[in-house]
Amino acid sequence: MMIPDYLKDLNKHQKEAVCCLDGPLLVLAGAGTGKTKVITHRITHLIATHTARPDQVLGVTFTNKAAGEMKKRVIDLLGPVGRYVHLSTFHSFCVFLLRQHAETIGYKSSFTIYDEADSLALIKRICKSLNILDGQPSPSVAQHRISEAKSRLLTPAQFDGMTAGDYLAGQVSLIYRQYELELKKNNAVDFDDLLRLTVAMFEQNPQLLRYYQSRFSHVLVDEYQDTNYAQYRIVRLLTESHRNICVVGDDDQAIYGWRGADIKNILNFEEDFPGCRVITLDQNYRSTNIILDAAHGVVSKIGRRKPKKLYTRRNGGDSVTLLQCADDREEASAIAGLIKVGLQNGKKPTDFAILYRTNAQSRAIEDALRDSGIPYTIVGGTKFYERMEVKDILAYLRLLINPDDTQSLLRIVNVPKRGLGEVSIARLQQSAERYGKSPFALMATPELADIKGKPAIELKKLHAILTELSAKINELKPDELAIRLIEGIGYLKMLDEENSPEADVRADNVRELVSGIAAFMERKEEEEPETPITLAAFLEEVALITDIDTFKDEAAVVLMTVHAAKGLEFDTVFIAGMEEGLFPLIRDSSTDADLEEERRLCYVGITRAKNKLYLALSAFRRRYGNSFVTEPSRFLFDIDRNLIEVEKFGYLGEYNRLYRDRKTRTSTQIELPSVSRGSGNDAPMTYGIPVEANGESIKVGQKVSHKKFGTGTIIAREGSGATTMITVRFSGMVKKLMANHAALEILG
């Protein structure tokens, strides 16, 4: 029998998955194993063998980009007839159904779809009408909880029945009930409703369900590990009569539990569909074996997972390089330096991706790339200084310098909430014009603008805070001013009260801004030791960054979170911040399941690399203007040490890390081969916690020697312990250094 052309370029397991057409099939497709090829070729085979007509095939995925790519490939394989295959996202498929049958669940087919901003605005209005104020709960928390309830297919009544004894949940229940009434009144649905109402429509209309079961005789689901309960129910309902379902996914890449995805959907597939066939795609076409082995070392420690280990037929490959850096600034500089060398040796900016666990980490990296003249773009988020919370604090800081900056005032006058509505703000502006004052000046006497009660009290309080700090602008250091400002206005308190993952990230960005100011001060002190360091100089630099930062995506290094990198690949990948508490990102409330998701996230990050992988960590990391000692990520110890070489940037002293087994409390010291760079020494480097230079107490007046700066005298010392800072007068220069990794030899 002649093999069709479209099957000839498939490997053995891919061909099995394509040709197994009847009944339930689970395709475990590891990273880079060709899952999109399997899905599109399977659709082609269904139609080419007359097993199904094009309009009887349904394929669903999670992004319009993925759906579009599949559609294009199917048309390339089948020709124009491929256009009749229904390939879309889950949400688009649900819109397709609801537009035709909305009346069966009490909606008009012309319903409006609210995005997250629309939804939040409605919830804010409801909170106001119900007198739910002061963050009990905040609108964003209520929105998050309502979304969770909808993804679990809970009606307001069902949700209310689960809130006994929980005050905040009870408040959310009130909001949820009113929210649904308002949506229905407006003939509107939100994103979660598209899924929830589709399930309700099928369950309430058996005849309609039978029609679509017949209409779509073969269903294919991409990225099945990312489905939530509502999506799982849609798939089960559509396929329960014919059981012709093929799901393609990888439990090792299940990284969206925080937004409702349920990994049990893929882990329990064989129980949900008895008699199903399981085919594993384990030949990787992207990465070297060294990269794949490193990734497997991390993900294999997960308790419950589908057994698989990726391999490639590619020969050779570089070791994974561990960049041991003095601090986050040195980490960013090391990454930028390595990219610059790569560009000088013929690589393109788009060959490089820098991944990080949280958006806050991008600030130092952006600074280093900009200083090195390397174009970059941020995927999945805005540039650091363009983020809402960062722009809020910058607006406050600008007011300290220029109280007449009304644009900045209008941005922050009600952030955090001070009870000011649009009417009060308009009165403030109008009265300022009437009395010939700036709106800021009028805040000291809000009664002149007919503003009374709490809003008046809050305006006076804000005016006093800003006036007091403005008077100290030449007395306090810029980072100290920022810290006092943030504390005085209660910005972090506002975010803490939101009690949501998004608010935690925004709080990290605020703290990172303070670290950015401190780093600016250090850099300016080194570059221009005679020039006073001012807040105005920092704000001017930030303004210039924002104005000229318009690099094109196709000619730039890519920066993104590891989450945003899923589905992408790059020649060379840097993963920054491989430290405990950062990656894995563990909080007090974290569970074993959270840690396992962090492992899978690390696996995703590592497997984005095609030819070269760098893992970077810092001995110190700045947070909120202070430097903290870090510990290497536990994931580093899961990688075979023979796969890793070490490059050192900045002096780390005796960087010994005793790996503590949390079960046995035993310790083993792990050493890795070392490659010296920058100002590092040549001794083998080990993971660990730094100690003071040469183990000696550092004192003012001591003579010291530095490889780069020569001989000098310590003239000042600040702080204590791990964060001790020293000032050293070298020949022709004065340097401020962190004692624990200053690479100093004490002479006496």
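Because the structure is predicted, anything quoted here is derived from the model rather than measured.
Atoms CZ and CD1, on R177 and I126 in that order, are 12.5 Å from each other to the nearest 0.5 Å. Between the CG atom in L539 and the OG1 atom in T534 there is a gap of 8.5 Å [rounded to 0.5 Å]. Interatomic distance, I451 CD1 to E447 CD, rounded to the nearest 0.5 Å: 9.5 Å. Distance CG/L459 to OG/S424: 8.0 Å, rounded to 0.5 Å. A distance of 8.5 Å separates CG in D190 from CD1 in I146, rounded to the nearest 0.5 Å. For the atom pair R363 CZ and D328 CG, the distance stands at 6.5 Å (nearest 0.5 Å).
Within a 6.0 Å radius of NZ in K472, other residues, nucleotides and ligands contribute more than 12 heavy atoms.
Annotation: side chain of E433 is not in contact with side chain of Q430 (no heavy-atom distance under 4.5 Å). Within the 4.5 Å cutoff, no side-chain heavy atoms of V510 are placed close to those of V390. At least one side-chain heavy atom of K460 sits less than 4.5 Å from a side-chain heavy atom of P446. In this structure, C94 and L197 have side chains that are not in contact, with every pair of non-hydrogen atoms separated by 4.5 Å or more. With a 4.5 Å cut-off on side-chain heavy atoms, L98 and Y107 do not count as touching. Residues L174 and D160 have side chains not in contact (no heavy-atom distance under 4.5 Å, counting atoms from C-beta outward). Residues Y376 and E366 meet the side-chain proximity criterion, which asks for heavy atoms closer than 4.5 Å. Side-chain atoms of V558 and I378, non-hydrogen and from C-beta on, never get closer than 4.5 Å to each other.
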(message) Evaluate R621 against E331 for salt bridge (charged side-chain N to carboxylate O under 4.0 Å, His left out), listing each step before the verdict.
(response) CA-CA 10 Å; R621 190 164 292 276; E331 175 190 63; 3.1 Å; yes
(request) Take R622 and E330, measure what salt bridge (charged side-chain N to carboxylate O under 4.0 Å, His left out) needs, and give me the verdict at the end. (result) CA-CA 11 Å; R622 293 181 182 87; E330 191 72 38; over 6 Å; no
(request) Could you check R511 against L492 for side chain to side chain contact (heavy atoms under 4.5 Å, CB included), going step by step and ending with a plain yes or no? (result) CA-CA 9 Å; R511 297 185 182 98; L492 290 177; 4.3 Å; yes
(request) Go through the steps for M162 and L154 under the test side chain to side chain contact (heavy atoms under 4.5 Å, CB included), then give the verdict. (result) CA-CA 10 Å; M162 302 169 61; L154 296 175; 3.8 Å; yes
(message) The test is salt bridge (charged side-chain N to carboxylate O under 4.0 Å, His left out); show your working for K150 and D193 and say whether it passes.
(response) CA-CA 7 Å; K150 289 189 175 187; D193 283 330; 2.9 Å; yes
(request) Applying side chain to side chain contact (heavy atoms under 4.5 Å, CB included), run through E458 and K461 and close with a yes or a no. (result) CA-CA 5 Å; E458 291 294 330; K461 179 180 175 183; 4.3 Å; yes
(request) I would like to know whether D367 and R523 meet side chain to side chain contact (heavy atoms under 4.5 Å, CB included); could you show each step before the answer? (result) CA-CA 11 Å; D367 286 350; R523 176 164 55 82; 5.6 Å; no
(request) Given ring-ring contact (aromatic ring centres under 6.0 Å, His included), test W258 with H144 step by step and report yes or no. (result) CA-CA 11 Å; W258 53 276; H144 178 71; 8.9 Å; no
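With respect to the salt-bridge test (charged N to carboxylate O, under 4.0 angstrom), the residues K108 and E103 do not qualify. The existence of a salt bridge linking R259 and E148 is excluded, since no basic side-chain nitrogen approaches an acidic carboxylate oxygen closer than 4.0 Å. Ion pairing between a basic and an acidic side chain is recognised when a charged N comes within 4.0 Å of a carboxylate O; E512 and R506 show no such pairing. By the 4.0 Å N-to-carboxylate-O rule, D496 lies too far from K493 to be salt-bridged with it. Of the charged side-chain nitrogens involved, at least one lies within less than 4.0 Å of a carboxylate oxygen, so that E522 and R329 count as a salt-bridged pair.
The shortest non-hydrogen separation linking R99 to S109 is NH1-O, 2.7 Å. Heavy atoms only, all atoms of each residue included: A518 and D479 are closest at CB-OD2, 4.0 Å. Across all non-hydrogen atoms, the minimal contact from R411 to A395 is CD-CB, 4.0 Å. Considering every non-hydrogen atom in both P416 and I489, the closest pair reads CG-O, 3.4 Å. The two residues Q361 and T358 have their closest heavy-atom pair at OE1-N, 3.0 Å. Between P455 and G419, the closest heavy-atom pair is CG-O, 3.3 Å.
In this structure a side-chain-to-backbone donor-acceptor pair under 3.5 Å is present from S431 to R427. Between the side chain of E389 and the backbone N or O of N509 there is no donor-acceptor pair closer than 3.5 Å. A donor-acceptor pair under 3.5 Å is formed between the side chain of E480 and the backbone N or O of K477. Of the possible polar contacts, one joining the S470 side chain to the L400 backbone as a donor-acceptor pair under 3.5 Å is found. At distances below 3.5 Å, at least one donor-acceptor pair connects side-chain atoms of T561 with backbone N or O atoms of A564. R418 contributes a side-chain N or O that, together with a main-chain N or O of V413, makes up a donor-acceptor pair within less than 3.5 Å. In terms of modelled atom types and a separation under 3.5 Å, the side chain of H91 and the main chain of L195 share no donor-acceptor contact.
Screening F352, Y356, F574 for a side chain to side chain contact (heavy atoms under 4.5 Å, CB included) with L559, the sole residue that qualifies is Y356. Each of T377, V557, I374 was scored for a side chain to side chain contact (heavy atoms under 4.5 Å, CB included) with P349, with one residue passing: V557.
No side-chain N or O of N228 forms a donor-acceptor pair with one of Y256 less than 3.5 Å apart. Side chain to side chain, S92 and T89 meet the donor-acceptor criterion of an N or O pair below 3.5 Å. Donor-acceptor pairing under 3.5 Å is lacking for the side chains of Y396 and S408. Judged by distance alone, the side chains of D192 and S147 do bring a donor and an acceptor atom under 3.5 Å apart. For the residue pair E182 and Q178, a side-chain donor N or O sits within less than 3.5 Å of a side-chain acceptor on the partner. A donor-acceptor contact closer than 3.5 angstrom links the side chains of Q143 and S119. Side chains of R387 and S362: a donor-acceptor N/O pair is present below 3.5 angstrom, by distance only.
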